2 protein chains.
Amino acid sequence: MENTLSPELSIAAVERETGLSKDVLRKWETRYGFPVPLRDKQGERLYPAEQVNRLRLIKRLIDEGIRPSRIVAESEQRLSEMALSSRSKPPRELNQNAEDFESIILALLRGQNMEGLRQRLYRELLRHGLEHFVLDTLAPMTYAVGEAWARGELDIHEEHVYTEAVQWLLRNAITNLSEAEGTPRILLTTLPGEQHGLGILMVAALFSLHGAHCISLGTQTPVQDIARAAQAHAADVVVLSFSLVYPQRGIQPALSELRQQIGDNIEIWVGGAGIPRLHNAKMPGVQFCPLMEQALNAMHVWRSMKLKC
Amino acid sequence: MENTLSPELSIAAVERETGLSKDVLRKWETRYGFPVPLRDKQGERLYPAEQVNRLRLIKRLIDEGIRPSRIVAESEQRLSEMALSSRSKPPRELNQNAEDFESIILALLRGQNMEGLRQRLYRELLRHGLEHFVLDTLAPMTYAVGEAWARGELDIHEEHVYTEAVQWLLRNAITNLSEAEGTPRILLTTLPGEQHGLGILMVAALFSLHGAHCISLGTQTPVQDIARAAQAHAADVVVLSFSLVYPQRGIQPALSELRQQIGDNIEIWVGGAGIPRLHNAKMPGVQFCPLMEQALNAMHVWRSMKLKC
DNA sequence: CCATCTATTCTGTCCTGGACAAATAATTTG
DNA sequence: CAAATTATTTGTCCAGGACAGAATAGATGG
């Protein structure tokens, strides 16, 4: 009746808020000496808000590839330094224009200007055409937004606003492009736990533009249902996307399960920021497309293959 | 290298696919004698597809309010009987028209006819107007789709297709309605773990129609970020939605945490199918709106309150 | 000096089995 | 029959140990 006022979170709440599993939270406590939460009278953990914030920061850095032992027990100062400096550098060679555009968009986001954001994005789409827009503007832009968030320059809700605006734009484009008779028939979704859906929306736009028939299932479809949907829609290809946040270890088992459940004549293509980390992994019957261009290329290969048969 | 071919799932995969936590899966095993998975050579659980399917069915029934002891160890037959018969009956008194419409939509879904679905929904929207459409067509329709899925008449991917179509429709409507200067300023989202976003989209449409200014953050925003977003957008109200799937026990703690983090002058309204179960719960500073009409009403109350001050 | 291979640490996940409180059902009492 | 007690059910939490796959450092060879 009164602990409504205490700013401590249960371990379940911390898992919810940070994305770190209960097991991990407990292990870190013994291994690295952080976080060490308070306890309630039944001995259950209560994490003060301060520790939760730190955990959030640590999670970011780990998602970027830094190892826990380097940071979990690190001093507050070093942590924020790393947050600023780190960031696996992507191949970024922007011209002046693109850079300007990015800073404009980021400014609109910070100003909570949804309407202006939408207009600016749409104008850019018209200026460059959909393909160029998606590949050279939207993809780096999305990356930059994630980057800005990681540096603490953007709140997560500002990133959400960005996501909403882009979704709206792409959905409209895709709808107007949709061809019932296009080939190949491509089914797009993400696995349960993966909520980042912008990637599949972007490739869906590209595929549609090039005359494919896209079926988007949204995010978080269980493997079994993906298999059934692929059957029902007579899909030629299933496309999945994995972000940096998706637990790396889960990818391969999930893919081999899917590979086994859908027939042999349906291809699987995977992409997203979480994929490049698997550079040395080999999965029979699964195509890795770390870059969006590669997915597009895969589609062209598919077509020429089909032509020969 | 070879278990690629085995149809067994790890406990993590089962948690992902069914939504039942690892702890629950292990407890049921000892308490009810089901599920009893195989073990790999390290003694880790491997669930055959058969057991996973049963777990999915059981999860459905539990979400509808049946207690585990009644069904977890129940015979296969009884289970499917219950699946057909059960279903907490909502107050449904549909006229002939509405019923026809529902069966048309369900048929379109089964036929994977995305285009037709979109057209039919849009026509209905134009015919009845947005408010009537959302309250009397879309809300029961959404319920009916969930119901059909629970009865096994609809695959989950068909439900996803429905969701995509409705989202597209509502997003367009909301965008065209958006008023930068509207009051109250309403922020809508769901908590992490809650992926059902149609509810907030529907109320957002209603609120916008009645001149409010809606800020939608999409789904799954951590509590702290909701609080920050509410500040940044100078929101008057935060609206959250909870589906049947959201763990009932988590609602109250999360709400009181939110209540504490955002200032006292921001209202909290909650709705969704998961809310009626809390009939006897009382939370200071939180308004429960089991029905969408009540949310709309809350807005009118808010306005008259504001007028007096 | 770079590349490939091997040994070693790191790290997340899984295991058992026990405890407890909130939710629900069953019972008693007014 | 309603309200208040008591009993049962059920999900979550805890400790602490084990293990395999990933990452890293070190060794070997070209």
Side-chain angles (χ1 to χ4, degrees), chain A residues 1 3 9-16 18-32 34 36-47 58-59 61-73 88 193 245-253 256 274 277-281, chain B residues 1 3 8-16 18-32 34 37-47 58-59 61-63 65-73 193 246-254 256 274 277-281:
Chain A
M1 182 158 298
N3 77 349
L9 300 189
S10 73
I11 193 170
V14 176
E15 177 181 42
R16 193 168 31 76
T18 65
L20 296 164
S21 80
K22 293 167 193 151
D23 272 333
V24 166
L25 289 168
R26 287 192 276 253
K27 276 298 174 227
W28 283 5
E29 192 173 333
T30 62
R31 280 185 186 152
Y32 312 117
F34 181 87
V36 181
L38 310 174
R39 298 291 179 130
D40 68 7
K41 65 184 169 197
Q42 304 119 39
E44 305 200 338
R45 281 167 242 259
L46 287 179
Y47 295 82
I58 290 172
K59 176 64 161 37
L61 293 170
I62 286 178
D63 284 341
E64 285 164 28
I66 299 181
R67 308 208 70 186
S69 57
R70 291 276 167 94
I71 44 172
V72 175
S88 56
V245 189
Y246 196 89
Q248 192 165 353
R249 324 183 123 194
I251 298 183
Q252 295 217 35
S256 62
R277 299 180 293 181
L278 300 175
H279 49 277
N280 42 6
Chain B
M1 184 159 298
N3 76 349
E8 290 100 23
L9 300 190
S10 73
I11 194 169
V14 176
E15 177 181 42
R16 202 169 21 79
T18 65
L20 296 164
S21 79
K22 293 167 193 153
D23 273 332
V24 166
L25 289 168
R26 288 192 274 253
K27 275 298 174 228
W28 283 6
E29 191 174 332
T30 62
R31 279 185 186 152
Y32 312 118
F34 181 88
L38 311 173
R39 299 291 179 130
D40 68 6
K41 66 182 168 198
Q42 306 120 38
E44 305 199 338
R45 291 173 172 78
L46 286 179
Y47 294 83
I58 290 172
K59 175 62 161 38
L61 293 170
I62 287 178
D63 284 342
I66 299 180
R67 307 207 70 187
S69 58
R70 292 276 166 96
I71 44 173
V72 175
Y246 196 90
Q248 192 165 352
R249 323 184 124 195
I251 299 183
Q252 295 217 35
S256 63
R277 299 180 293 182
L278 299 174
H279 48 277
N280 42 6

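What you are looking at is a predicted structure, and each value in this text was computed from that prediction instead of being measured.
Taking the nucleotide of DNA chain C with the nearest heavy atom to each of R31(B) and L46(B), the more 5' of the two is matched to L46(B). Mapping G65(B) and E29(B) onto DNA chain C via the closest heavy atom, the residue that lands nearer the 5' end is E29(B). Along DNA chain D, the nucleotide nearest E44(A) and the nucleotide nearest R70(A) are compared for position; the residue whose nucleotide lies closer to the 5' end is E44(A).
For the OP1/OP2 pair of dG17(C) and a distance below 4.0 Å, the side-chain nitrogens and oxygens of T30(B) include no atom meeting the criterion. Remark: W28(B) is in phosphate contact with dG11(D), judged by side-chain N or O atoms under 4.0 Å from OP1 or OP2. Distances shown here put a side-chain N or O of R45(A) below 4.0 Å from the OP1 or OP2 atom of dC14(D). Contact annotation: Y32(B) reaches the phosphate of dT10(D) (side-chain N/O to OP1 or OP2, under 4.0 Å). A close approach under 4.0 Å does not occur between any side-chain nitrogen or oxygen of K22(B) and OP1 or OP2 of dT13(C).
Distance NZ (K27(B)) to C1' (dA21(C)): 15 Å, rounded to an integer number of Å. When rounded to the nearest whole Å, the span between CG of L25(A) and C1' of dC14(D) equals 14 Å. Between I62(B) atom CD1 and dT10(D) atom P the separation is 8 Å, expressed in whole Å. Nucleotide dA22(D) holds its C1' atom 11 Å from the CD atom of Q252(A), rounded to whole Å. Here the P atom of nucleotide dA22(C) and the CG atom of D23(B) are 18 Å apart, to the nearest Å.
Using a 4.0 Å heavy-atom criterion, one finds that S21(B) contacts the sugar-phosphate atoms exclusively. Residue-level contact check: R39(B) touches the backbone only, with heavy atoms under 4.0 Å from sugar-phosphate atoms and none from bases.
Counting distance only, with no hydrogens placed and no angle test, the side-chain atoms of R26(B) and the base atoms of dG17(C) include no donor-acceptor pair under 3.5 Å.
Residue R249(A) places its side chain closer to dG12(C) than to any other of dG12(C), dA25(C), dG17(D). Closest to the Q42(B) side chain, of the nucleotides dC14(D), dC19(D), dC14(C), is dC19(D).
The structure places CD1 of I11(B) at 5.0 Å from CG of L25(B), a figure rounded to the nearest 0.5 Å.
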